[in-house]
There are 2 protein chains.
Amino acid sequence: MTTIYDIARRAGVSATTVSKVLNGYPDVSQKTREKVQRITRELGYQPNAAARGLVTRRSMSIGVFFQDDARMGFRHPFLHDIVASFQDVVGESGYDLLFFSRTTPPSAPQGFEARARHRGVDGLFLLGIPRTSAGLPSLVRSRIPIVSVDLDLFGPRASWLSSDNVGGAKLAVEYLAAMGHTKIGFVGDRYGTKPGQDRALGYHMAMQELGLTFRSEWVAEGDFMEESGEEAMHRILEAREWPTAVFFASDMMAIGAMKALRQKGLEPGRDISLVGFDDVVIARLVTPALTTIRQNTRAMGEEAARELLDLMHNPNRPPRVITIPVELVSRDSVARIGG
Amino acid sequence: MTTIYDIARRAGVSATTVSKVLNGYPDVSQKTREKVQRITRELGYQPNAAARGLVTRRSMSIGVFFQDDARMGFRHPFLHDIVASFQDVVGESGYDLLFFSRTTPPSAPQGFEARARHRGVDGLFLLGIPRTSAGLPSLVRSRIPIVSVDLDLFGPRASWLSSDNVGGAKLAVEYLAAMGHTKIGFVGDRYGTKPGQDRALGYHMAMQELGLTFRSEWVAEGDFMEESGEEAMHRILEAREWPTAVFFASDMMAIGAMKALRQKGLEPGRDISLVGFDDVVIARLVTPALTTIRQNTRAMGEEAARELLDLMHNPNRPPRVITIPVELVSRDSVARIGG
DNA sequence: GGCGTGATCGAAAGCGTTTTCGGGACGACG
DNA sequence: CGTCGTCCCGAAAACGCTTTCGATCACGCC
């Protein structure tokens with residue numbers, strides 16, 4: 001491994017001077033600067049991040065806790081998109097991403113905070129982490145800059161971000177109403193995730209504002225995944241009177257519901273209309289193509305990145321909560337009825 | 001930040017002794033060992049990975065170059081699955097994953113090797129990297145342990161791994177033949193990726209072995225993505241005589257082809273049979289559900305991990321090339337014809 | 001009592017950087 | 001000719017840890 005000393009020797013200067021050149025300090029003459037740069041290139045020198053981090057106390061890396069449980073299932077193509085655009089932004093500032101493994105040897109540090117401190121990451125990005133995770137309280141107390149998605153974290157250095165779930169749900173219901181539907185069901189989540197709660201809230205708000213009658217038989221809960229959507233749909237179909245449309249808190253549940261409908265001899269998008277949430281890739285490929293509320297994953301990742309960079313570079317910056325707009329994408333799973 | 005010296009002071013021993021306790025050296029008495037451990041816990045001490053790495057010359061992290069171009073498109077849910085199981089295995093040995101950002105500031109080190117050395121990763125995992133990438137040759141020369149997927153890398157410390165693409169393609173063709181098809185087309189890739197070439201090879205081998213006549217009008221090329229499958233199908237339909245079945249080198253191209261067929265008033269899975277490759281999540285959700293060759297992403301990730309760990313821990317271990325078995329999953333997109 | 005032995009501990013060097021601070025050289029200025 | 005300011009440069013300390021190697025001590029044995 002070639003070090004700063006190798007360069008110093010070859011250039012006939014001290015290691016200090018080499019370091020100064022490498023870090024762009026002004027107090028080096030043009031001549032020696034060029035000489036050092038030349039030799040650095042010739043030797044193919046690479047600074048040692050560990051050594052540098054040791055003294056600067058910054059690792060130029062951002063820790064990522066990414067939980068893509070079976071339970072979160074199909075949400076993760078999603079989370080991956082978010083991470084990708086997040087990384088593109090922080091990458092431009094020289095950061096790489098350290099993904100903490102879910103599995104660890106027993107001897108290793110455990111818990112969010114311990115692991116983050118162990119690796120000396122400069123900030124943390126959290127995705128798919130359940131609100132109930134142990135270690136979250138001590139994490140926010142740690143004063144490590146954090147941005148989380150879909151997790152309402154409150155701390156002096158913790159911002160969080162999510163789609164406009166309330167607004168998106170309202171959008172869905174309003175759209176259904178505009179298409180002539182008045183009997184509108186809802187399938188939410190049973191785990192009380194923040195997005196799930198907000199989508200339920202939006203549904204109820206819109207129903208009320210539109211003066212539509214709410215019937216508890218038309219409401220069921222799932223876990224965001226396909227099978228649970230299927231079950232939920234079956235349950236709703238047990239009601240004596242059926243809704244003409246159902247809004248699902250995730251695309252995958254809506255897709256599962258299609259299966260349930262067909263089992264009963266009903267045609268989704270004609271006999272019963274469906275609206276999903278997320279706009280996963282599959283949404284436009286199923287039959288009928290699913291009308292849904294699109295989350296802007298790119299904007300989410302980029303905003304998250306900018307927020308975290310800001311938090312990291314600016315010690316007294318107070319945290320924020322950021323909401324990303326959603327949009328309705330209209331496809332074939334909603335029928336116009338009545339008028 | 002609490003250091004080893006803080007512990008030493010509190011315990012009335014030297015830092016050396018603390019370090020020994022923390023690293024399980026035998027030459028510490030039971031009594032002081034317990035005392036040090038107690039204080040370590042009380043202080044919530046976390047070893048500093050950078051400092052440790054500096055002296056041990058190991059970072060306990062594995063670098064990942066993950067390229068999920070637009071071009072690779074839908075392959076990436078895939079690659080993500082592979083990475084996830086990879087991480088589960090290496091995590092158990094205490095490794096975390098360092099994802100190199102695609103974007104970098106101009107001042108930062110550039111290229112695979114430079115960046116890997118800069119971060120001091122103990123090994124490298126490569127996914128989705130094109131064979132033609134600059135910097136690959138110098139990377140393999142660097143003697144950093146590497147495992148890559150679907151990229152035929154040859155070097156003293158570079159193993160690579162992929163699905164049994166030749167075998168899988170043969171499987172597909174043989175299955176179609178068993179279903180009575182004799183006129184079988186193929187859509188490969190135009191970029192000469194290793195898996196694309198191998199699937200083409202398997203197709204041709206099987207056709208020959210089965211004595212089926214090969215017609216160049218029945219063969220087209222795409223880029224693994226949906227649109228290109230659609231175009232390729234259209235091109236094949238320009239032939240005077242049509243094939244009764246087409247094997248696609250990716251699921252997404254097969255799904256695109258379904259669209260093309262319907263545009264011509266043909267029903268996929270009845271008028272023309274389709275077989276894909278990959279078994280992406282969507283495959284079973286489209287109509288008709290797609291018959292395909294499933295890649296075992298879990299096995300791929302786990303095998304890759306074991307291989308890399310072995311390479312890292314064992315300096316003279318020669319590299320290997322690993323092939324992961326695939327299986328045919330039969331759904332609704334292939335019709336039985338004839339007999 | 002001398003000596004070897006095994007158990008336990010610590011001093012010190014070293015890993016590759018950054019950063020502070022002081023010093024030398026040199027020109028300008030009174 | 002003394003003094004002061006600028007411009008360059010390097011010595012040294014520090015970051016937090018590991019690891020070698022020698023020192024010390026108690027003990028048992030001849």
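A note on names: the letters A, B, ... follow the listed sequences, proteins ahead of strands, and every chain is numbered from 1.
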Arg57(A) side chain near dG16(D) phosphate (N/O to OP1/OP2, under 4.0 Å) = yes
Step by step, would you call Met312(B) with Tyr95(B) a side-chain contact (heavy atoms from CB on, under 4.5 Å)?
-> CA-CA 12 Å; Met312(B) 292 189 311; Tyr95(B) 291 92; 3.6 Å; yes
Between Arg317(B) and Glu307(B), is the closest basic N to carboxylate O distance under 4.0 Å?
-> yes
For residues Ile7(B) and Val36(B), determine if any side-chain heavy atom of one lies less than 4.5 Å from a side-chain heavy atom of the other.
-> yes
Closer than 4.0 Å, any side-chain N/O of Thr17(A) to the OP1 or OP2 of dC9(D)?
-> no
Gln110(A) and Thr104(A), any side-chain heavy atoms less than 4.5 Å apart | yes
Leu54(A) CG - dG16(D) P separation (whole Å) | 7 Å
Any chance you could lay out the side-chain contact (heavy atoms from CB on, under 4.5 Å) test for Arg52(B) and Asn23(B), step after step, and finish with the verdict?
-> CA-CA 11 Å; Arg52(B) 174 177 292 183; Asn23(B) 292 289; 4.0 Å; yes
Separation of Arg117(B) atom CZ from dG16(C) atom P, in whole Å?
-> 12 Å
Asp88(B)/Arg102(A) ion pair, N-O < 4.0 Å | yes
What are the residues of residues 2-16 of chain A, sorted by number, that bring a heavy atom to within less than 4.0 Å of DNA chain C?
-> Thr3(A), Ile4(A), Tyr5(A), Thr16(A)
DNA chain D-proximal residues of residues 21-45 of chain A, any heavy atom under 4.0 Å | Asp27(A), Val28(A), Ser29(A), Thr32(A)
Between dT20(C), dC17(D), dC15(D), which nucleotide has the shortest distance from any of its atoms to the side chain of Lys20(A)?
-> dT20(C)
How far apart are the closest heavy atoms of Asn316(B) and Arg157(B), and which atoms are they?
-> N-NH1, 4.5 Å
Going from CD1 on Ile39(B) to CD on Glu34(B), what distance comes out if it is rounded to the nearest 0.5 angstrom?
-> 12.0 Å
Mind running side-chain contact (heavy atoms from CB on, under 4.5 Å) on Lys20(A) and Thr16(A) for me, showing each step along the way?
-> CA-CA 6 Å; Lys20(A) 285 178 176 171; Thr16(A) 302; 3.8 Å; yes
Short side-chain N/O contact to dT18(D) OP1/OP2 from Ser19(B), under 4.0 Å | yes
In whole angstrom, give the distance that lies between atom CE of Met1(B) and atom C1' of dA14(D).
-> 15 Å
Integer-rounded Å distance: dG16(C) C1' and Asn48(A) CG | 6 Å
